[in-house]
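Okay, so here's the structure we're looking at.
Order of appearance sets the numbers: ligands from 1, and atoms from 1 within every ligand. Just the heavy atoms: all of them, side chains too, but no hydrogens, waters or symmetry mates, feed the values below.
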Amino acid sequence: MERTEAMVAFKEAFGANAEDLFTAAGRINVIGEHVDYCGGKVFPAALNLRCNIYAKKTGGKVIRMAFRGIDGIVEIKTDNLDAYRGLKIGNYQAGVAYFLQEEGIEIVGCDLYYDCTVPFGSGLSSSAAIEVATAVALCEYAGVAYDKVQLALISQRAENKYAGVNCGIMDQFASAMGKKDHAVLLDCSTLAYEYVPLQLGEYCLVVANCNKPHNLVESKYNVRRQEVETALKALQKVLPVSCLAEITPKQFLEAKYLLSGVVAKRAEHVVMECDRVNKAVTALRAGDIVELGRLLNESHFSLRDLYEVTGKELDTLSGLARKETDCLGSRMIGAGFGGCTISIVKKTAVEGFIRRVGKAYQDSIGYKASFYETSIEDGITVEKL
Ligand code: GLA
C-alpha cells in the first residue's frame with residue numbers, strides 16, 4: 001500500500017490525519033532454526049516487508065486500531081488491558097500494551113492504522129513485526145526512552161504469555177535490532193549479538209512462500225519445545241550443561257544412548273544445527289558462498305528428517321530450487337509446517353529460477369508459490385509525517 005493511500009485510510013477510519021509512522025520488520029533467518037529456545041545462536045536479518053503503523057496520539061484511555069483489508073475498528077481500554085486475550089485481531093497489540101504497563105510505562109490513548117506487508121502465516125514473523133511496531137508506538141506516545149532489546153523481550157513476553165505461543169526470542173530481536181544489509185548473529189542464551197555483512201557476491205537470497213494453508217503451527221511448535229526439554233533433562237544426567245546448545249557434536253554422540261525415539265532426533269538436530277551456524281558464519285565471512293549454500297541444504301534436511309517440521313510443500317519448493325544449477329542451497333525458515341524458503345541464487349539467474357521453480361511447484365502441488373522481492377533493512381523506524 002502506498003503511503004498516501006494509507007494516510008487516506010487512516011483519515012477515513014479515525015476522522016483526522018496520521019502524525020507518525022512507526023515500523024518494525026519481518027525477518028528471514030539465514031541459519032539456526034529451532035535453536036533459539038535451546039540457547040543456540042541464530043542468524044536472522046530484518047526485511048523490507050514490515051508492519052507499518054500510521055498513528056496519532058489522542059490521549060485518554062482508549063487505543064483504537066484499524067487494519068488494511070479488514071473492516072471495522074478494534075478498541076482496547078488502557079485500564080483493562082488484561083481483557084483482550086481472546087481477540088482474534090488485536091490480541092498481540094493488547095498483550096504488548098499489557099506488559100509495557102506492567103513495566104510501569106503509562107499507556108496513552110492513540111489511533112493506530114496497521115498496514116502490515118509481512119504476509120501472515122508465512123514464517124517471516126508478521127506477529128513479531130506487529131508486536132515490536134506496537135511497542136515502539138506506545139513507548140513513543142508515553143514519552144519514555146526505550147531500549148530496543150527490552151522492547152523485543154516485552155514483545156516476546158506478549159506472544160508467550162498473552163497470545164499463548166511459546167516462541168523464542170529470535171523473531172522479536174531481529175524485528176527490533178535488524179540492520180540494513182547485515183544479518184544479526186545472536187546468542188540466544190546471553191543476548192550478545194554482532195552484525196555480519198550479508199554479502200553474497202554475485203548471489204542473492206530469494207524468498208519464496210509455499211502458501212500451504214495454515215495448519216495449527218502453534219500447537220506443533222509447543223510440542224517440539226517439550227521434546228527438547230525432555231532431551232535436555234536426560235542429557236543433564238551426564239553433561240554439566242544448562243541448555244542443548246552448549247553440547248558439542250562429539251559430546252552428543254557419547255551421550256546419545258540416554259535418549260530414544262523422536263526425543264533423540266530432536267536433540268540431534270539442535271546440536272548439529274548450532275554447529276552449522278558457526279560454520280555458516282565462518283563461510284560467509286570468508287566469502288565462501290558455496291559452503292554457505294551446502295550448510296543451508298543440510299539445515300533443511302535436518303529440519304525434515306530429524307526435527308520433522310517441513311512437509312511436502314516446503315520439501316518440494318526447496319528441492320526444486322536445489323535442482324537449479326545457479327542455486328547454491330535452499331532451506332525452510334521459521335517455525336515450518338508451511339511458510340517460506342530462502343534460496344541462494346545467482347543474481348543473473350533469478351528470473352528464470354522463479355519461472356521454472358514456480359511452474360514446477362504448481363504442477364506438483366496444485367497451487368502457486370509466491371516469490372517476494374526482498375531487501376535487508378533496519379529493524380525499527382520512527383518518522384514524523
Ligand atoms: C518461530 C519462533 C522463533 C523460532 C523459529 C524457529 O519463528 O517464533 O522463536 O523458534 O520459529 O527457529
Side-chain angles (χ1 to χ4, degrees), residues 24-47 49 51 92 95-96 118-132 149 152-178 183-189 191 193 207 209 214-229 243-245 266-267 269-274 276-277 280 295-296 299-300 302-304 306-311 314 331-342 379:
R27 61 104 191 88
I28 52 165
N29 183 23
V30 179
I31 197 160
E33 215 63 84
H34 281 285
V35 299
D36 62 345
Y37 49 82
C38 301
K41 285 186 190 160
V42 293
F43 200 32
L47 290 176
L49 302 171
C51 174
Y92 291 127
V96 166
V118 191
F120 297 117
S122 62
L124 299 177
S125 291
S126 53
S127 53
I130 290 169
E131 289 150 6
V132 172
V149 175
L153 286 166
I154 286 170
S155 297
Q156 181 199 18
R157 208 179 304 156
E159 183 138 349
N160 291 168
K161 302 220 157 73
Y162 202 94
V165 184
N166 212 3
C167 67
I169 186 61
M170 172 170 74
D171 302 349
Q172 290 78 9
F173 198 96
S175 181
M177 295 293 290
V184 192
L185 179 60
L186 168 68
D187 182 333
C188 298
S189 64
L191 295 190
Y193 64 93
V207 182
N209 189 342
H214 197 65
N215 65 345
L216 302 173
V217 178
E218 288 85 357
S219 58
K220 293 180 193 161
Y221 183 92
N222 289 347
V223 171
R224 293 297 180 282
R225 289 210 57 164
Q226 286 158 13
E227 289 165 347
V228 290
E229 239 149 71
C243 60
L244 284 184
R266 308 299 188 240
H269 164 77
V270 173
V271 172
M272 298 310 292
E273 182 77 354
C274 289
R276 274 190 289 274
V277 173
L295 292 161
L296 259 57
S299 169
H300 185 92
S302 178
L303 290 158
R304 179 190 67 194
L306 297 176
Y307 222 66
E308 299 179 280
V309 292
T310 59
L314 287 167
R331 69 175 205 89
M332 60 143 275
I333 57 168
F337 306 106
C340 283
T341 60
I342 54 167

**Asked** Quick one: does ligand 1 sit under 4.0 Å from the side chain of Arg27, the backbone, both or neither, non-hydrogen atoms only?
**Response** side chain

**Asked** Excluding sequence neighbours, so at least two apart, what forms salt bridge (charged side-chain N to carboxylate O under 4.0 Å, His left out) with Arg304?
**Response** none

**Request:** Check if Ser125 has a non-hydrogen atom at a distance under 4.0 Å from any atom of ligand 1.
**Result:** no

**Complete:** In ligand 1, the atoms that come under 4.0 Å of a heavy atom of Ala335 are 1 (C), 7 (O), 11 (O)

**Request:** Provide the number and element of each atom of ligand 1 under 4.0 Å from a heavy atom of Cys167.
**Result:** 2 (C), 8 (O), 9 (O)

**Fill in**
If we number the atoms of ligand 1 from 1 as shown, the ones under 4.0 Å from a heavy atom of Met170 are 4 (C), 5 (C), 12 (O)

**Request:** Any atoms of ligand 1 less than 4.0 Å from a non-hydrogen atom of Asp36? List them with their elements.
**Result:** 3 (C), 4 (C), 9 (O), 10 (O)

**Message:** If we count only N and O atoms by modelled type, under 3.5 Å, do the side chains of Arg276 and Ser299 hold a donor and an acceptor together?
**Reply:** no

**Message:** Can a donor-acceptor pair be found, under 3.5 Å and without considering hydrogens, that links the side chain of Asn166 to the backbone of Tyr221?
**Reply:** no

**Request:** Give the numbers and elements of all ligand 1 atoms closer than 4.0 Å to a heavy atom of Asp171.
**Result:** 1 (C), 2 (C), 3 (C), 7 (O), 8 (O)

**Asked** Any side-chain heavy-atom pair from Leu295 and Ile31 closer than 4.5 angstrom?
**Response** yes

**Message:** Counting only nitrogen or oxygen atoms and a 3.5 angstrom limit, does Tyr37 reach ligand 1?
**Reply:** no

**Request:** Before accepting this row, confirm whether a basic side-chain N of the pair Arg266/Glu308 lies closer than 4.0 Å to the acidic partner's carboxylate O.
**Result:** yes

**Complete:** Sorted by chain and number, sequence neighbours left out, ring-ring contact (aromatic ring centres under 6.0 Å, His included) with His300 holds for none

**Asked** Taking both backbone and side-chain atoms of Tyr221, is any N or O found less than 3.5 Å from an N or O belonging to ligand 1?
**Response** yes

**Prompt:** Under 3.5 Å, N or O to N or O, is Gly168 touching ligand 1 that way?
**Reply:** yes

**Main-chain N/O of Tyr92 paired with Glu131 side-chain donor or acceptor, under 3.5 Å** = no

**Protein heavy-atom partner closest to atom 12 (O) of ligand 1 - residue, atom, separation in Å** = Glu33 OE2, 2.5 Å

